[in-house]
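Since the structure is predicted, the reported quantities are computational estimates derived from the model, not experimental observations. Proteins get letters first, then strands, A, B, ... in listed order; numbering begins at 1 in each. Side chains included, hydrogens not; waters and symmetry mates left out as well; all remaining heavy atoms used.
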There are 2 protein chains.
Amino acid sequence: MSSISRQAFSANGINYQPSAKPIVVICMDGSADEYLDTTMAFDRMPNLKKMAIAGYRGMVRGALPSFTNVNNSSIVTGVSPAVHGISGNFFYDAAKDQEVMMNSAEYLRAETLLAAAANAGRKVAVVTAKEKLRDILSHKMKGIAISAEKANQAKSETHGVAGVEEIVGHPTPVIYSADASLFVLRAGVAFIEKGLADFLYLSLTDYMQHTYAPDAEESLAFYEAMDAEIGKLLQLGAIVGATADHGMNAKVKADGSPNVLFVEDMLEEKFGENGFRVICPITDPYVKHHGALGSYVVVHVNDKTKINEIKNWLAIQPGITEVYDKATAVRVLEQPEDRIGDLVVLSGRDVVVGRRPQYHDLSALDGTLRSHGGRYEEMVPMVISHPLNAAYKMKAAGDPRNFDIFDFTINGTNA
Amino acid sequence: MSSISRQAFSANGINYQPSAKPIVVICMDGSADEYLDTTMAFDRMPNLKKMAIAGYRGMVRGALPSFTNVNNSSIVTGVSPAVHGISGNFFYDAAKDQEVMMNSAEYLRAETLLAAAANAGRKVAVVTAKEKLRDILSHKMKGIAISAEKANQAKSETHGVAGVEEIVGHPTPVIYSADASLFVLRAGVAFIEKGLADFLYLSLTDYMQHTYAPDAEESLAFYEAMDAEIGKLLQLGAIVGATADHGMNAKVKADGSPNVLFVEDMLEEKFGENGFRVICPITDPYVKHHGALGSYVVVHVNDKTKINEIKNWLAIQPGITEVYDKATAVRVLEQPEDRIGDLVVLSGRDVVVGRRPQYHDLSALDGTLRSHGGRYEEMVPMVISHPLNAAYKMKAAGDPRNFDIFDFTINGTNA
Ligand SMILES: [Zn+2]
Ligand SMILES: [Zn+2]
């Protein structure tokens with residue numbers, strides 16, 4: 001291990017003083033704390049339990065909207081969406097009258113700590129389940145950056161590694177599977193074992209959590225299998241920090257059908273036609289697991305003089321929990337001003353907000369609608385393999401964020 | 001057990017179909033889920049773990065403000081504060097220009113399911129740690145109603161039981177202690193053992209949670225001792241449902257000092273003197289553990305034309321997370337319109353809101369400031385000893401409330 005660089009580095013004003021041990025941060029996509037609670041109650045996560053006992057387990061607050069790319073961007077930069085600029089998969093550029101996809105690094109306004117670690121001599125590897133995240137996570141980074149989804153397409157020149165299936169010992173998984181996430185963890189284990197990486201970000205996918213409740217055997221078996229890989233990382237001497245990008249809740253009525261408020265229809269019915277554009281920033285090419293329905297939308301209002309009236313009306317509609325105008329959303333929700341709307345709307349624990357029925361294909365769902373995006377998916381677990389030092393114990397007791405996970409894992413332990 | 005009444009009853013429109021087993025609902029005051037997580041990670045809550053495996057463990061949403069008497073009132077009535085009227089320990093009656101304490105049953109606007117159960121032939125016992133809650137919880141109820149705090153003062157005519165110390169086998173505890181809560185559980189065990197009760201509400205106190213973080217040995221030992229009593233309840237064949245009134249968070253700055261926004265001072269500095277009255281509805285005679293500081297205050301504004309301006313300004317102050325006018329608070333926060341203020345203000349996970357420094361004696365605190373009252377103490381655990389039936393599994397997957405706990409415990413299992 002003596003070849004691992006201990007050189008300090010910084011990114012976005014945060015300093016990192018890494019130890020010479022392998023450092024692994026895992027984003028357990030969609031892992032509401034209930035997934036850990038339930039699997040641990042059945043004694044099927046012995047390694048995570050060991051981490052909780054020897055190190056730390058607590059709750060941290062994610063970035064809003066509680067979406068995957070927003071929080072992954074926060075985790076690799078250490079800052080909020082207001083700073084890094086990624087506020088969802090889509091935003092509406094009013095000046096250009098265009099809905100713009102922001103899944104590429106050109107929309108990222110902050111440097112990544114992964115790139116900084118690589119520049120400081122660490123062997124960095126980013127493994128993400130979905131190919132779509134690879135571009136942002138590996139922005140300007142020297143090292144390995146692959147997705148499980150396209151593992152067999154990785155080339156040395158473009159991905160920092162080739163022959164991934166052979167290295168990992170598993171075939172490229174289909175994206176809608178438990179294996180998609182397990183492949184990410186297995187790749188992390190293999191890269192450390194083979195000396196290919198000593199500083200890793202492993203970002204899973206939430207297909208399983210969208211599809212299964214915590215007590216479903218499919219979910220229990222999935223977390224158990226994840227735990228086995230975490231055990232291998234610990235065996236390899238890694239300092240492991242695990243958190244989630246967001247939680248997950250069932251978004252259904254008492255009869256099990258999707259509990260959706262179609263906000264553009266609601267607004268037209270109340271205030272007249274053609275005055276509104278509702279953007280669902282959860283929308284992405286992978287709709288199978290959520291039908292582009294989450295608990296957060298933004299609203300663009302043509303007649304700006306009506307914004308306050310519309311805000312007040314929306315705020316008292318059943319199922320809607322929070323409505324902010326742009327200025328307040330920028331402050332309270334830490335949003336980039338130019339990539340939200342005139343209003344930002346959040347919905348309840350069991351409620352999703354959508355645009356109009358025709359924009360959402362619910363027939364593609366596997367099982368019942370489980371989703372995220374709002375306040376009730378904001379709090380997520382953080383588990384660290386090593387004891388926190390005094391300063392980070394104090395920090396953990398305040399308002400720690402999921403995007404402090406590298407800070408906690410690197411600076412928070414004396415390992 | 002054949003003498004236990006199975007007669008159905010209803011309260012506030014909710015029907016209850018009890019089984020002939022003893023039914024015990026426990027309000028584990030201030031039990032943020034982290035307390036269970038941490039104690040269970042150390043294998044020190046074997047009985048709660050058994051309940052989670054054999055029955056159900058999940059998260060439920062409490063009533064706001066996330067205060068003790070608000071949520072206890074909701075639990076025993078099955079309805080929100082908008083219906084039962086108890087919105088804190090204090091409210092300001094603007095018409096009378098009086099700050100009114102609402103800890104007595106005269107302010108309760110709903111019947112209790114405990115009284116209804118007693119009328120249906122159940123032997124009901126209410127045991128609360130603090131004497132102050134006894135009046136509301138036992139409103140119009142035939143049966144036993146005692147507090148741990150004044151256990152030795154219970155008389156048959158007024159409390160439905162006498163000689164409590166002998167029955168329980170423990171002396172009356174001091175209120176600022178782990179024993180205050182443990183006495184409540186021990187009394188519940190004794191009352192079932194001795195055939196004095198078959199339908200129990202056991203409401204603990206949160207002194208320990210205000211004082212100790214989940215990983216403190218004092219807290220671990222406390223939860224372990226609670227678990228032992230829960231084990232005895234299970235041994236006695238009871239159906240046990242456990243939840244919390246609210247969570248608990250440290251409310252401190254990075255240096256460990258209290259993180260307080262004094263809202264009346266802030267408003268005067270910005271908008272001029274004598275225009276505001278800030279009410280801290282957490283204020284009560286027991287200030288030792290929180291200094292009357294929680295994450296929720298209401299504001300009365302003299303000049304009603306300024307309400308909106310003040311709301312918008314407050315909403316973007318760092319540390320403040322939500323601000324509602326009266327009409328919106330009534331809907332979104334389920335508040336009784338005549339017992340809140342012109343504005344309702346909630347603060348962040350690590351922030352409390354107060355009136356002015358002179359109203360809050362922080363020197364009385366035992367240790368660091370840990371408190372509740374806001375959104376980040378809204379979600380709490382629910383654990384049921386028996387498997388949920390299909391309808392209540394569905395209900396648990398929606399937006400279940402902590403004040404559905406009697407409904408879940410009675411109607412949600414087929415025990
Ligand atoms: Zn995700
Ligand atoms: Zn309480």
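- In this structure, the portion of Asn308(B) lying under 4.5 Å from any heavy atom of chain A is its side chain and not its backbone.
- In this structure, chain B has no heavy atom under 4.5 Å from any part of Asn259(A).
- In this structure, the portions of Asp399(A) lying under 4.5 Å from any heavy atom of chain B include both its backbone and its side chain.
- Between the CZ atom of Arg331(A) and the CD atom of Gln317(B) there is a distance of 6.5 Å, given to the nearest 0.5 Å.
- Heavy atoms of Asp255(B) lying under 4.5 Å from chain A belong exclusively to its backbone.
- Residues Leu36(A) and Asp37(B) have side chains not in contact (no heavy-atom distance under 4.5 Å, counting atoms from C-beta outward).
- Residues Lys49(A) and Asp43(B) approach most closely at NZ-OD1, 2.8 Å, considering heavy atoms.
- Of the listed residues (Asp325(A), Leu48(A), Asp33(A)), the greatest number of heavy-atom pairs within a distance under 4.5 Å of chain B belongs to Asp33(A).
- Among all heavy-atom pairs drawn from Ala315(B) and Val332(A), the shortest one is O-CG2, 3.1 Å.
- Contact between Pro400(B) and Arg349(A) at its shortest, heavy atoms only, is CD-NH1, 3.6 Å.
- Neither the backbone nor the side chain of Tyr56(A) has a heavy atom closer than 4.5 Å to any heavy atom of chain B.
- Scanning both residues, Tyr324(B) and Thr321(A), for their nearest heavy atoms gives OH-O, 3.6 Å.
- In this structure, the side chains of Tyr376(A) and Met59(B) stay at 4.5 Å or more apart for every pair of heavy atoms.
- Surrounding CD of Glu218(A) are more than 12 heavy atoms belonging to other residues, nucleotides or ligands, all under 6.0 Å away.
- Counting heavy-atom neighbours within 6.0 Å of Lys393(B) NZ, excluding the residue itself, gives a total of 12 or less.
- The heavy-atom pair separating Lys311(A) from Asn312(B) by the smallest distance is NZ-OD1, 4.4 Å.
- For Met394(A), the part lying under 4.5 angstrom from a heavy atom of chain B is the side chain only.
- Residue Glu34(B) holds its CD atom at 7.0 Å from CE of Met379(A), rounded to the nearest 0.5 Å.
- Proximity to chain A is limited to the backbone of Ala254(B), based on heavy atoms less than 4.5 angstrom apart.
- Ala250(A) approaches Ala397(B) most closely through the heavy-atom pair CB-O, 3.0 Å.
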